[in-house]
Amino acid sequence: MGLVKGVALSTRQRQQPLGLALCCLYILQPLLLLLSSVSGTGVNWGTQATHPLPPSTVVNLLRDNGFQKVKLFDADSATLNAFANSGIQIMVGIPNDMLYTLANSEQAAENWVAKNVSSHISSGGIDISLLWLLLWCLCSTICGAFLVLEDLFASNFELFIRYVAVGNEPFLSTYNGSFLGTTLPALQNIQSALTKAGLDARVKVTVPLNADVYESPTNLPSDGNFRSDIQDLMLSIVKFLSDNGAPFTVNIYPFISLYTNPNFPLGFAFFNNSSSSSFTDGGKIYDNVFDANHDTLVWALQKNGYGNLSIVIGEIGWPTDGDQNANLNYAQQFNQGFMNNVIAGKGTPMRPAPVDAYLFSLLDEDAKSIQPGNFERHWGLFYLDGQPKYALSLGTTNSNGLVPARGVTYLAQKWCIMSPSASLDDPQVAPSVSYACARADCTSLGYGTSCGDLSAQGNISYAFNSYYQQNNQLESACGFPDNLSVVTSNDPSTGTCKFRIMIQSQSVTSGVEGGRGFSMSSFVAFAFAFLSAFL
């Protein structure tokens with residue numbers, strides 16, 4: 001977006017020296033770039049890991065890879081503090097287990113907003129109104145550029161917390177209706193609290209919903225509508241979002257379609273434009289399931305009088321392990337196909353405008369529940385240590401691929417494996433493996449997984465090593481009964497199966513590495529020095 005729009009300057013403004021005007025615009029250009037509209041694809045950052053990277057490391061990872069938006073699942077203070085001066089826009093989350101309290105207490109909602117939004121909304125500790133006044137004085141006095149900056153600044157100093165996600169897929173059938181009565185009241189109370197705090201223009205509320213809240217009896221998008229059992233509730237939520245200028249947030253997972261239906265056509269899950277399952281609906285061609293799913297929602301909104309409501313894709317991605325269809329090749333193919341459409345500005349047949357989306361997910365999470373499937377721990381673009389899994393162009397600063405996390409330290413180069421002298425017939429083998437897998441992560445074992453070709457000894461070694469690494473290589477963590485296990489310095493990894501070394505546990509730190517963020521205090525100091533020099 002261009003920095004300067006056509007503006008009719010007054011006679012007094014035209015009298016400002018051209019050199020000073022150009023100088024002012026040149027000096028302020030980095031700030032203007034920071035304040036320009038946040039666009040591009042965001043990413044989800046979940047933190048259910050036994051050895052999470054420090055927040056400051058993750059923020060640098062986001063920035064190094066050009067991510068300008070992030071979606072969180074809670075409002076951890078250390079995490080939020082790490083984003084100070086980063087320029088990354090945030091969707092902060094409220095877990096489902098808080099919905100009851102927030103739905104039944106306006107004071108609880110106000111307290112939550114005060115702690116998790118209001119205390120962070122001022123970037124770098126300087127009030128936005130003060131910075132606005134400073135910029136107004138600076139630009140009006142020196143170069144008469146106030147009108148040029150006004151639209152940019154008034155609408156774009158929302159780069160910190162932009163959305164509050166109230167709940168996460170609260171209407172899933174697995175919840176048995178637990179949150180049907182609390183989601184909308186919680187949404188309303190958080191909105192009221194934001195309004196009371198004077199933040200409702202800057203921060204919008206939304207509810208990330210699973211795509212199962214709408215359906216089509218014929219599988220044609222044009223027959224889409226909201227699920228009959230929650231139709232009235234959904235219309236109330238949609239009306240609330242529309243009335244408050246908030247988006248409809250939906251999570252769409254083509255992988256799940258493939259996982260739950262063995263007859264689902266594989267090619268239709270990707271964006272290769274050549275699926276034999278392509279179909280036409282009202283003259284519009286659908287060659288992938290994402291477009292069809294998305295436009296089913298568009299039709300549901302349109303039929304109920306909300307055809308212009310904005311849509312945000314809260315989660316979309318593909319796992320890399322834990323299932324025969326969860327692998328590096330498919331994940332790269334899906335995510336790159338999706339990103340190619342985003343980079344090209346290609347929307348869907350019903351909404352050809354660019355899609356606003358958050359990839360799922362940034363990092364693997366080895367402590368997530370595997371009730372939905374073993375793949376749940378493998379959605380990351382990066383492994384849990386911040387190493388990229390495959391080449392992926394995001395159309396940002398690093399078009400050649402993903403950039404790994406910096407400054408990550410690892411435990412010693414040693415592994416726990418099944419002792420060569422141990423016997424597979426030892427009665428302690430089965431209970432030892434069960435013990436290890438129940439307390440570590442064995443989701444890479446099994447049919448069609450990255451370690452699916454291991455021998456029996458290999459499977460046992462993988463389980464032992466996973467437990468050993470997760471327990472920080474404690475000597476006792478490789479002390480399985482009957483001398484079944486032994487520590488080795490020889491990497492037992494083979495083919496696609498990696499026996500990983502755990503990262504070192506680090507105390508949680510806040511803040512971004514110095515020298516890379518936009519410092520408000522530095523800008524204020526510069527501004528006063530600049531004014532003093534030229535006035």
Side-chain angles (χ1 to χ4, degrees), residues 37-49 52-76 79-80 82-83 86-93 159-165 168-169 206 208 247 249-255 290 311-320 328 331-332 334-343 354-365 368 375-406 408 512:
S37 296
V38 174
S39 59
T41 299
V43 68
N44 287 264
W45 173 19
T47 56
Q48 296 183 59
L53 292 172
S56 58
T57 300
V58 177
V59 171
N60 284 321
L61 177 66
L62 291 167
R63 296 174 64 188
D64 289 345
N65 285 280
F67 284 110
Q68 297 176 318
K69 301 184 294 187
V70 68
K71 179 171 167 282
L72 307 176
F73 294 90
D74 55 24
D76 177 72
T79 298
L80 290 176
F83 283 97
S86 69
I88 297 175
Q89 185 190 91
I90 299 172
M91 181 186 293
V92 66
L159 301 180
F160 191 44
I161 296 177
R162 177 55 175 162
Y163 298 110
V164 174
N168 183 48
E169 299 186 335
T206 187
T249 302
V250 61
N251 302 337
I252 299 178
Y253 284 110
F255 170 80
F290 170 80
I311 296 174
V312 170
I313 307 302
E315 299 176 17
I316 184 169
W318 198 283
T320 57
L328 297 175
Q332 195 277 340
F334 178 84
N335 284 326
Q336 191 61 72
F338 179 74
M339 285 309 307
N340 288 344
N341 283 357
V342 171
I343 295 168
V355 175
D356 187 2
Y358 295 80
L359 294 175
F360 191 88
S361 180
L362 182 67
L363 298 160
D364 280 350
E365 299 173 78
K368 283 190 73 175
F375 57 83
E376 276 297 318
R377 295 179 177 175
H378 302 279
W379 288 98
L381 301 174
F382 298 83
Y383 294 105
L384 58 83
D385 61 354
Q387 294 299 308
K389 294 181 177 181
Y390 47 82
L392 182 67
S393 173
L394 299 171
T396 57
T397 55
N398 300 291
S399 59
N400 294 325
L402 300 174
V403 178
R406 294 180 279 122
V408 179
V512 187

**Prompt:** Can you tell me how far the CZ atom of F73 sits from the CD atom of Q48, to the nearest 0.5 Å?
**Reply:** 8.5 Å

**Message:** Once rounded to the nearest 0.5 Å, what's the spacing between atom CG of N44 and atom CD of E315?
**Reply:** 4.5 Å

**Request:** Kindly indicate whether the side chain of L80, heavy atoms from C-beta on, has any atom under 4.5 Å from the side chain of L72.
**Result:** yes

**Asked** Pick from F375, F338, F334, F290: which one makes a ring pair (Phe, Tyr, Trp, His ring centres under 6.0 Å) with F255?
**Response** F375

**Prompt:** Can you tell if the side chain of R63 reaches within under 4.5 Å of the side chain of S86, non-hydrogen atoms only?
**Reply:** yes

**Item:** Distance-minimising heavy-atom pair for N335 and L392
**Value:** C-CD1, 3.8 Å

**Message:** Go through it in stages, so that I can follow the logic: the residues are I313 and V355, the test is side chain to side chain contact (heavy atoms under 4.5 Å, CB included), and I'd like the CA-CA distance, side-chain angles, deciding distance and then a yes or no.
**Reply:** CA-CA 8 Å; I313 307 302; V355 175; 3.6 Å; yes

**Prompt:** Are side-chain heavy atoms of S393 and Q336 found at a separation under 4.5 Å?
**Reply:** yes

**Message:** If you define the side chain from C-beta out and look only at heavy atoms, does anything of I343 sit under 4.5 Å from T41?
**Reply:** no

**Prompt:** How many angstroms lie between atom OG1 of T249 and atom CE of M91, to the nearest 0.5 angstrom?
**Reply:** 4.5 Å

**Prompt:** Between atom CH2 of W379 and atom CD1 of I316, what is the distance when rounded to the nearest 0.5 Å?
**Reply:** 10.0 Å

**Message:** One pair to check against side chain to side chain contact (heavy atoms under 4.5 Å, CB included): L53 and F382. What are the steps and the verdict?
**Reply:** CA-CA 12 Å; L53 292 172; F382 298 83; over 6 Å; no

**Asked** Below 4.5 Å, heavy atoms only, C-beta onward: do F360 and N251 meet side chain to side chain?
**Response** no

**Request:** Work out which heavy atom in H378 is nearest to a heavy atom in K389; give both atom names and the distance.
**Result:** O-NZ, 3.3 Å

**Message:** Can you confirm whether V92 sits close enough to F83 that some side-chain heavy atom of one is under 4.5 Å from a side-chain heavy atom of the other?
**Reply:** no

**Request:** Please report the shortest heavy-atom distance between P55 and T79, naming the atom on each side.
**Result:** CB-CA, 4.1 Å

**Message:** Are the side chains of L363 and L384 in contact, using a 4.5 Å heavy-atom criterion?
**Reply:** no

**Item:** Reported CG-to-OG1 distance for the pair L362 and T47, which is rounded to 0.5 angstrom
**Value:** 11.5 Å

**Prompt:** Going through the distances and angles, do V408 and Q387 end up as a side chain to side chain contact (heavy atoms under 4.5 Å, CB included)?
**Reply:** CA-CA 10 Å; V408 179; Q387 294 299 308; 5.6 Å; no

**Request:** For this output row, return yes or no: ring centroids of W45 and F67 closer than 6.0 angstrom.
**Result:** no

**Request:** Output the distance between atom OG1 (T57) and atom CG (L61), rounded to the nearest 0.5 Å.
**Result:** 9.0 Å

